[in-house]
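The block underneath contains the structure these notes are about, expressed in structure tokens.
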Amino acid sequence: MQPFFPITPCKVALAFLVVILGNYVLPAKDLVDPVQIIDLARSYYGQENLLDSVRTIYYEGQVLEPGEGKVPGNFRMFLKKPMCQRIELQSGDIVDIRSTNGLEGYWMRLDKASGKKQVAVLDSGRLETMIVGALENLNFLKATDHRRRDVWFRELTRYQGAPCYKLRFQYKDVIYYDRLVDAASGRILLTEDNQGLQIHQRGDVFANGIRFPKNLESYQGRKHVNTLLISLVLLNSEIPDSFFDFPDS
């Protein structure tokens, strides 16, 4: 990791944006086609016309530490089609921001008390991860023309006693996500990225008839990193393109 980007709630918040994501049911043995499994997962979120109508997504909530459930910070997340994403994590007077307009991206740390700030350009790897996360979340796993993506069925397995399909979503050579899709409901139960970060989804929040996870528990190996608790989801709010651009100096 670069010095500006330790494993922090902000990093996990970014991973959250990569995994956010009906009741069409088929027997587990009948599905091996990734397209059909993705359709099953999309149907869990909501009706096709509702998913396709999403232009922007706004999330807000809290970051909970493991154990006693202390709240080290609050977060806000903004996504806009086709590939814009902005993440804000605030703890006390310190605000960490990562943003991309789909072409370039930056990180900024702002001290609201003093007005001081640090700004750095996102390297190509972190920029691409943010862009991919925006694409998958805004399109609810649906493929787009903006990035080449390969998806393949890996195996039929079990997670917490439930039969699941395991799919791999691959972008370029190094970015991928393994997802476990419940074979009965289509709910995404677990996502693991190429860095080994695992996101477990719990509960539901609804917005405009679309279902979103309420809690996202993050683990690195066996270590519980934190939990994101989503309190609000808003769809199709007006967000100007300039909101995702580099800040004024």
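Contact check on Asp39 versus Arg42 returns no salt bridge, with no Lys/Arg side-chain nitrogen under 4.0 Å from an Asp/Glu carboxylate oxygen. A salt bridge does not link Arg168 with Asp150: none of the charged nitrogens is closer than 4.0 Å to a carboxylate oxygen. With respect to the salt-bridge test (charged N to carboxylate O, under 4.0 angstrom), the residues Asp182 and Arg187 do not qualify. Between Arg86 and Glu88, at least one side-chain N (NZ, or NE/NH1/NH2) sits under 4.0 Å from a carboxylate O, which counts as a salt bridge. Salt bridge annotation for Arg179-Glu136: present, with a cationic side-chain nitrogen under 4.0 angstrom from a carboxylate oxygen. With respect to Lys214 and Asp204, no salt bridge is recorded, no charged nitrogen being found less than 4.0 Å from a carboxylate O.
Remark: side-chain polar atoms of Asn194 are paired, donor with acceptor, to backbone N or O of Val174 under 3.5 angstrom. Checking side-chain atoms of Thr56 against main-chain N and O of Lys80 turns up no donor-acceptor pair under 3.5 Å. Put simply, the side chain of Asn236 gets close to the backbone of Arg55: a donor and an acceptor are under 3.5 Å apart. Formation of a donor-acceptor pair under 3.5 Å by the Arg211 side chain with backbone atoms of Tyr44 is found in this model.
At least one cation-pi condition fails for Arg98 and Tyr106: the charged atom is not both under 6.0 angstrom from the six-membered ring centre and inside a 45 degree cone around its axis.
Within the model, atoms CD1 of Ile97 and CG of Leu110 stand 6.5 Å from one another, a figure rounded to the nearest 0.5 Å.
Checking Ile57, Leu138, Thr144 one by one against Lys81, the side chain to side chain contact (heavy atoms under 4.5 Å, CB included) holds for a single residue, Leu138.
Here Phe243 and Phe78 bring their ring centres to under 6.0 angstrom of each other.
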Please assess Met130 against Leu122 for the test side-chain contact (heavy atoms from CB on, under 4.5 Å), listing each intermediate value before the final yes or no. CA-CA 10 Å; Met130 286 198 77; Leu122 286 181; 3.5 Å; yes
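The 12-atom threshold is not exceeded at CD of Gln47, counting heavy atoms of other residues, nucleotides or ligands nearer than 6.0 Å.
Evaluation of the side chain to side chain donor-acceptor pair (under 3.5 Å) rule for Gln198 yields Glu192 as partners, not counting sequence neighbours.
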